[in-house]
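As the structure is a computational prediction, the values presented were derived from the model and not from experiment. Note: hydrogens, waters and symmetry copies are ignored here, and every other heavy atom, side chains too, is used.
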Amino acid sequence: ISLVIIFSISIKVNAQIPTNGLIGYWIFDGDPLDISGNGHHGILNGPILVNDRFMIVDKAYSFDRSSDAYIQTN
């Protein structure tokens, strides 16, 4: 049991997003603003919000392969 607890703690520590060299941070909530503070805001052009892999509503984008959907950053 101790090994499982230690392994679980190490996974949580490694799962953090590194900020060293971060260019932009977009939270995929329908607003393409860069919240990193670097000002690389995006422009949505066609993608639609959908549930992410954990079924959290509107936290991922779907790109229709038959269209030219993209997110442009500056």
Side-chain angles (χ1 to χ4, degrees):
I1 292 177
S2 297
L3 183 59
V4 171
I5 292 171
I6 292 170
F7 184 69
S8 296
I9 291 171
S10 68
I11 288 175
K12 289 187 182 232
V13 169
N14 292 333
Q16 295 178 0
I17 298 171
T19 57
N20 185 21
L22 183 69
I23 294 172
Y25 182 55
W26 304 271
I27 58 174
F28 285 70
D29 64 349
D31 187 355
L33 295 179
D34 171 18
I35 62 171
S36 73
N38 294 328
H40 296 289
H41 305 302
I43 298 170
L44 300 177
N45 203 350
I48 58 171
L49 283 171
V50 295
N51 297 354
D52 70 6
R53 64 184 172 158
F54 302 112
M55 298 310 295
I56 299 174
V57 177
D58 293 342
K59 284 295 185 179
Y61 284 110
S62 174
F63 295 84
D64 183 353
R65 290 180 184 222
S66 64
S67 72
D68 292 327
Y70 61 91
I71 301 173
Q72 177 180 341
T73 61
N74 53 349

Distance (rounded to the nearest 0.5 Å) between Tyr61 OH and Asp52 CG: 12.5 Å
Identify all side-chain donor-acceptor contacts of residues 38-51 below 3.5 Å with residues at least two apart in sequence or on another chain.
from: Asn38; atom 1: ND2; to: Leu22; atom 2: O; distance (Å): 3.0
from: Asn38; atom 1: ND2; to: Ile23; atom 2: O; distance (Å): 2.9
from: Asn38; atom 1: ND2; to: Ser36; atom 2: OG; distance (Å): 3.2
from: His40; atom 1: ND1; to: Asn74; atom 2: O; distance (Å): 2.8
from: His41; atom 1: ND1; to: Asp34; atom 2: N; distance (Å): 2.9
from: Asn45; atom 1: ND2; to: Tyr70; atom 2: OH; distance (Å): 2.6

Flag the pair Thr73 / Trp26 as yes when at least one side-chain heavy-atom distance between them is below 4.5 Å, and no otherwise.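 With C-beta onward as the side chain, the pair touches.
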